[in-house]
Asker: 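If you scroll down you'll find the structure; I have some questions about it.
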2 protein chains.
Amino acid sequence: MSEPAPPSAPSSSGDVGARIRADIITGVHAPGTKLREVALAEQYAVSRIPIREALRSLEAEGLVESRKYSGSVVAPSPVEDAEDLFEIRIVLESATAKRAAKRASELNASDTPDLKWRELRKEISDILDAGDIVIGQERFEDLAVLNMRFHFAVAELSGSVSFISLLRQISGKIEWLYSLNVTRRGPQAWPEHREIMAAIDAGQEAKAAEVMARHVRRSRDSYFAMMSAEPPRTT
Amino acid sequence: MSEPAPPSAPSSSGDVGARIRADIITGVHAPGTKLREVALAEQYAVSRIPIREALRSLEAEGLVESRKYSGSVVAPSPVEDAEDLFEIRIVLESATAKRAAKRASELNASDTPDLKWRELRKEISDILDAGDIVIGQERFEDLAVLNMRFHFAVAELSGSVSFISLLRQISGKIEWLYSLNVTRRGPQAWPEHREIMAAIDAGQEAKAAEVMARHVRRSRDSYFAMMSAEPPRTT
DNA sequence: TGAGGAATATTTGCATACAATCTATACGCT
DNA sequence: AGCGTATAGATTGTATGCAAATATTCCTCA
């Protein structure tokens, strides 16, 4: 893939959490930086309370690490965990693709139409079409958010809230990973998305899983190839 | 498997979070219950602040659901997601077993001993031995926590912090799942643990993954068999 | 009698203030 | 001089109080 951008913002308590989150991902708060509550409070123009609650959410996401009475520090850059993160995506997303295909075949067999499924399916079609358009216009930044939306929409097709929740969980680090060094694989990745959806629509569980796994593996390889060519800025 | 009990308590802010967490898992706070902050505050003899932070952590764990200005409610019982939770364990834990086997073969090849690895490996041996003992004494409650510790120790052998973190993430719901209806599969599961470790020690990546997957599938089947025999108390 | 809406009540969100703990500096002792 | 300890400073944890938003109640009206 070639994906940054939030799915729908896992969001913390207020949107202060989202702002801190974005500032960590974009490097405003460098890894290892001590995040002092009073400093953040005046920086974001709120009191310490919402700051603290935001830090708890960010801690759960693995973007900061906290110790009692010792404060919070920005987590190490996720580049070290890149291999793990991609492998997690491979196993989780191939599982969701497989489940989505299973649901598709079940829905094809039954005659009662699932409203939510049709809605999601329509959204995916729109995303894919929009992707083709922005590729034609060479607006690759927009492709990145469409890509993220595609992968989460597929996960939602699976109907497995636990899987979706876990993918949300790692989405922060995935975004962080990509924000460090932007890939240009979007155009190549797009036809693969259509291939994935074709397998799902056809109800081919094994193929959907395999195609999704290959897709993520390719984006992993593309990522590491780019990384070795141009190492990330070590903030 | 047959696993409840926290790995090391994913823990919330204070230990108030851990107490609320335990009370949700044990059914003191039933699914769907509105958790009002003032009520919790006086119930746990603290102010609303630590309560709020605990709720944020529990929300991240998926044990409560919150909406702004609308409060928090205990999440629905995880029995509906049991299938998903087991499948997540299958894909995540077979991946960690595979990685652990890979590391084992790498360490066997190299001559520099990894201190942390040896330490973990020793801990696992102790866990396995302790398991045999408590089985002999038919103290199956103790087996449950040993089981949980085994699975997390294997995950740590993989050295993948992201995987460990995700497993921690779902551990709450897993514990919740098992607390609803306690299985008795512990004794049967234990030899499988030794089989898993044997594959890891031998550096057989594919076999380690397959054995682990089969192990979790068996505990899933055991869980559902027991569930159909004796449906869970619908709190 | 039921539905719609306004006023009340309850509950969460946030800010200020104080207590508990950690950290860093300086002092005294060997 | 080096090291352990104590004291002061800084920082997090918690409590109380008030404002904003939601949920509920009750009244009015068709």
Side-chain angles (χ1 to χ4, degrees), chain A residues 6 8-24 28-76 165 168 172, chain B residues 6 8-24 28-76 165 168 172:
Chain A
S8 70
S11 188
S12 315
S13 53
D15 61 348
V16 177
R19 290 171 57 193
I20 300 179
R21 197 181 115 103
D23 284 343
I24 289 177
V28 174
H29 302 298
T33 304
K34 293 192 64 170
L35 296 174
R36 296 209 193 82
E37 297 176 358
V38 285
L40 294 176
E42 65 182 50
Q43 180 174 352
Y44 294 96
V46 291
S47 109
R48 282 176 51 212
I49 302 297
I51 296 291
R52 285 178 62 83
E53 299 189 0
L55 288 175
R56 290 293 170 279
S57 297
L58 293 171
E59 184 182 8
E61 260 189 296
L63 268 57
V64 309
E65 298 170 354
S66 305
R67 276 176 17 197
K68 186 163 182 172
Y69 284 111
S70 177
S72 306
V73 300
V74 179
S165 158
R168 278 247 153 70
Chain B
S8 70
S11 187
S12 315
S13 51
D15 62 347
V16 177
R19 288 170 59 190
I20 300 178
R21 195 182 117 105
D23 284 343
I24 290 177
V28 175
H29 302 299
T33 305
K34 293 193 62 172
L35 296 174
R36 298 210 192 79
E37 298 175 357
V38 285
L40 294 176
E42 64 181 53
Q43 179 173 352
Y44 295 96
V46 291
S47 110
R48 283 176 51 214
I49 302 297
I51 297 291
R52 285 177 62 82
E53 299 190 359
L55 289 175
R56 291 293 172 279
S57 297
L58 294 171
E59 184 183 8
E61 256 188 298
L63 268 56
V64 308
E65 297 170 354
S66 305
R67 277 176 16 197
K68 186 162 184 173
Y69 282 109
S70 178
S72 306
V73 301
V74 180
S165 160
R168 278 247 155 71

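Every chain is numbered from 1 and lettered A, B, ... according to where its sequence line falls, protein lines coming before strand lines. Note that the structure is a prediction, hence the values are computed from the model and not measured.
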Asker: Shortest non-hydrogen contact from B:Ile24 to B:Leu63?
Answerer: CD1-O, 4.2 Å
Asker: Looking at NE2 of A:His29 and CG of A:Asp23, how far apart are the two atoms once the value is rounded to the nearest 0.5 Å?
Answerer: 4.5 Å
Asker: Looking only at non-hydrogen atoms, find the nearest pair between B:Ala60 and A:Ala60 and report the distance.
Answerer: CB-CB, 3.4 Å
Asker: Indicate the atoms forming the closest heavy-atom contact of B:Ser72 with B:Leu55, along with that distance.
Answerer: OG-CD1, 3.9 Å
Asker: Which heavy atom of B:Gly17 sits nearest to which heavy atom of B:Ala54, and what is that distance?
Answerer: CA-CB, 3.5 Å
Asker: Starting from C1' on D:dT14, measure out to CD on A:Glu37 and report it in whole angstrom.
Answerer: 12 Å
Asker: Once you build an axis from the first five pairs and another from the last five of the helix from C:dT1-D:dA30 to C:dT30-D:dA1, how far apart in angle are they, to 10 degrees?
Answerer: 10°
Asker: In whole Å, I'd like the distance from the CZ atom of B:Arg56 to the C1' atom of C:dT12.
Answerer: 9 Å
Asker: Give the rounded distance in Å between these two atoms: CG of A:Leu55 and P of D:dT11.
Answerer: 15 Å
Asker: Got a sec, which residues hit salt bridge (charged side-chain N to carboxylate O under 4.0 Å, His left out) with B:Arg48, two or more places apart in sequence or on another chain?
Answerer: B:Glu37
Asker: Could you tell me whether A:Leu35 contacts a base, only the sugar-phosphate backbone, or nothing, with contacts defined as non-hydrogen atoms closer than 4.0 Å?
Answerer: sugar-phosphate
Asker: Between C:dG13 atom P and A:Arg52 atom CZ, what is the distance in whole Å?
Answerer: 16 Å
Asker: Quick check for you: among C:dT11, D:dT12, C:dA15, whose closest atom lies nearest to any side-chain atom of B:Arg36?
Answerer: C:dT11
Asker: Round to a whole Å and report the spacing from CD of A:Glu53 to P of C:dA15.
Answerer: 11 Å
Asker: Could you give the distance from CZ (A:Arg52) to OG (A:Ser57), rounded to the nearest 0.5 Å?
Answerer: 12.5 Å
Asker: Starting at CZ of A:Arg56, measure out to CG of B:Leu58 and round the result to the nearest 0.5 Å.
Answerer: 12.5 Å
Asker: Tabulate atom names and distances for all N/O pairs under 3.5 angstrom spanning the protein and nucleotides 17-25 of chain D.
Answerer:
| unit_1 | atom_1 | unit_2 | atom_2 | d |
| --- | --- | --- | --- | --- |
| D:dA23 | OP1 | B:Ser70 | OG | 3.3 |

Asker: Taking CD from B:Glu42 and P from D:dT14, how many angstroms apart are they, rounded to a whole number?
Answerer: 18 Å
Asker: Distance from A:Leu35 atom CG to A:Glu65 atom CD, nearest 0.5 Å?
Answerer: 11.0 Å
Asker: On the nucleotide D:dT14, are OP1 or OP2 found under 4.0 Å from the side-chain N or O atoms that B:Ser47 carries?
Answerer: no
